[in-house]
Amino acid sequence: MNLILFGPPGSGKGTQAKRLVDERGMVQLSTGDMLRAAIASDSPMGRVVAPIMASGGLVPDEIVIGLIAERMDEADAAGGAIFDGFPRTLAQAEALDVMLQGRGSRIDIVVRLLVDDAALLERVTGRFEQQGRPDDNPETFKARLDAYNTQTAPLLPYYEGQGKLTAVDGMGSMEAVSTAIRSALETIKT
């Protein structure tokens with residue numbers, strides 16, 4: 001099973017993906033984590049994407065798609081992937097569909113975490129203070145949220161048109177959100 005956790009930055013995608021990894025053994029493909037690791041290692045890719053991420057911008061599609069493609073064999077062997085923070089644009093969604101079709105696979109479900117923007121700002125500010133992630137400072141977060149609303153949210157009709165979109169209240173407790181996601185996944189026939 002391949003699923004996308006969809007929602008704005010700070011909505012809990014990463015937390016819920018880690019829970020699914022623990023429960024189902026799937027592979028979490030978090031482009032944000034992959035890009036932060038590239039920056040931390042000071043790799044050539046890391047040096048290219050660091051200023052883009054620091055400003056809250058979106059990393060070019062070809063870089064992100066390449067990162068995902070490199071991990072698909074691992075995901076297939078584990079029984080599926082949890083796409084966390086990807087796709088972020090219609091071009092990425094279409095490229096993902098083509099890549100998966102070429103592998104005889106598909107996206108089975110897109111779980112949208114419904115959250116409140118003001119609560120997200122509060123959540124991310126707390127995470128910035130605790131973890132110090134540079135892309136979580138309040139100003140960068142506002143740019144990331146704006147990028148999500150203008151470039152990523154338009155993907156909702158794309159997946160809704162495919163009959164794959166399911167909404168879950170992302171403002172509940174971690175356990176309540178996990179339970180709702182589990183329920184949504186139980187409806188999928190793979």
Side-chain angles (χ1 to χ4, degrees), residues 2-18 20-21 26-78 80-103 105 107 110 113 115 117 120-121 123-156 158-159:
N2 292 313
L3 70 108
I4 296 172
L5 289 178
F6 194 88
S11 62
K13 298 180 304 288
T15 299
Q16 294 302 325
K18 285 174 183 39
L20 289 168
V21 166
M26 300 166 75
V27 172
Q28 176 187 10
L29 297 177
S30 167
T31 54
D33 288 349
M34 290 182 221
L35 292 167
R36 280 187 289 277
I39 292 168
S41 71
D42 198 32
S43 70
M45 182 195 315
R47 289 189 291 277
V48 169
V49 301
I52 297 168
M53 290 182 66
S55 71
L58 294 179
V59 173
D61 290 349
E62 59 275 1
I63 292 174
V64 178
I65 292 164
L67 286 171
I68 293 293
E70 288 176 1
R71 301 275 312 276
M72 284 311 299
D73 286 342
E74 177 188 354
D76 290 345
I82 304 160
F83 295 93
D84 166 11
F86 179 84
R88 291 185 185 231
T89 65
L90 184 56
Q92 288 179 0
E94 292 169 343
L96 178 62
D97 283 348
V98 168
M99 180 182 61
L100 290 173
Q101 287 170 0
R103 300 175 71 86
S105 190
I107 295 297
V110 178
L113 299 175
V115 292
D117 285 358
L120 281 183
L121 179 58
R123 183 185 292 177
V124 168
T125 299
R127 188 167 72 182
F128 175 70
E129 291 168 357
Q130 292 172 5
Q131 299 174 12
R133 274 179 37 181
D135 56 328
D136 275 346
N137 78 59
E139 289 309 310
T140 300
F141 173 75
K142 289 175 188 171
R144 291 173 64 209
L145 187 58
D146 183 56
Y148 169 83
N149 286 328
T150 59
Q151 298 176 18
T152 306
L155 286 175
L156 294 171
Y158 178 76
Y159 287 115

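A 4.5 Å side-chain heavy-atom check between L20 and Q28 finds every atom pair outside the cut-off. With contacts defined as side-chain heavy-atom distances shorter than 4.5 Å, the pair I4/L96 qualifies. M34 has its side chain within reach of I68: a pair of non-hydrogen atoms, C-beta onward, lies under 4.5 Å apart. Inter-residue side-chain proximity for F141 and L120 is flagged as met; some heavy-atom pair is nearer than 4.5 Å. Residues T31 and F83 form no side-chain contact, since every pair of their non-hydrogen atoms from C-beta on lies 4.5 Å or further apart. At a threshold of 4.5 Å between non-hydrogen side-chain atoms, the residues P8 and N149 do not count as touching. No side-chain heavy atom of D146 sits less than 4.5 Å from a side-chain heavy atom of Q151. Side chains of L67 and M45 form a contact here, defined as non-hydrogen atoms less than 4.5 Å apart.
Going from atom OG of S30 over to atom CZ of R36 covers 6.0 Å, rounded to the nearest 0.5 Å. Between the CG atom of L145 and the CG atom of L121 there is a distance of 8.5 Å, given to the nearest 0.5 Å. In this structure, L100 CG and R103 CZ are separated by 8.0 Å, a value rounded to the nearest 0.5 Å. With rounding to the nearest 0.5 Å, the separation of OG1 in T152 from CZ in R144 is 10.5 Å. With values rounded to the nearest 0.5 angstrom, Y148 atom OH is found 4.0 Å from F6 atom CZ. The structure places CG of L3 at 5.5 Å from CD1 of I82, a figure rounded to the nearest 0.5 Å.
In this structure, Q130 has no side-chain contact (heavy atoms from CB on, under 4.5 Å) partners at least two apart in sequence or on a different chain. Take Q131 and apply the side-chain contact (heavy atoms from CB on, under 4.5 Å) test, not counting sequence neighbours, and it matches R127, R133. Every residue meeting the side-chain contact (heavy atoms from CB on, under 4.5 Å) condition with A93, not counting sequence neighbours, appears here in chain and number order: P87, L155, Y158, Y159.
S55 and A143 make their closest contact through O-CB, 3.6 Å (heavy atoms, listed as atom of the first residue, atom of the second, distance). Heavy atoms only, all atoms of each residue included: G12 and L113 are closest at C-CD1, 3.9 Å. Nearest heavy atoms, A50 versus I39: CA-CD1, 3.6 Å.
A side-chain donor-acceptor contact under 3.5 Å links T140 to the backbone of A54.
Using a 4.0 Å cut-off between a side-chain N of Lys or Arg and a carboxylate O of Asp or Glu, K142 and D117 do not qualify as a salt bridge.
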*Dump the intermediate steps for side chain to side chain donor-acceptor pair (under 3.5 Å) on S105 and N2, then the final yes or no.*
CA-CA 8 Å; S105 190; N2 292 313; 2.8 Å; yes
*For L29 and F86, run side chain to side chain contact (heavy atoms under 4.5 Å, CB included): C-alpha distance rounded to whole Å, both residues' side-chain angles, the deciding distance at 0.1 Å, then the answer.*
CA-CA 8 Å; L29 297 177; F86 179 84; over 6 Å; no
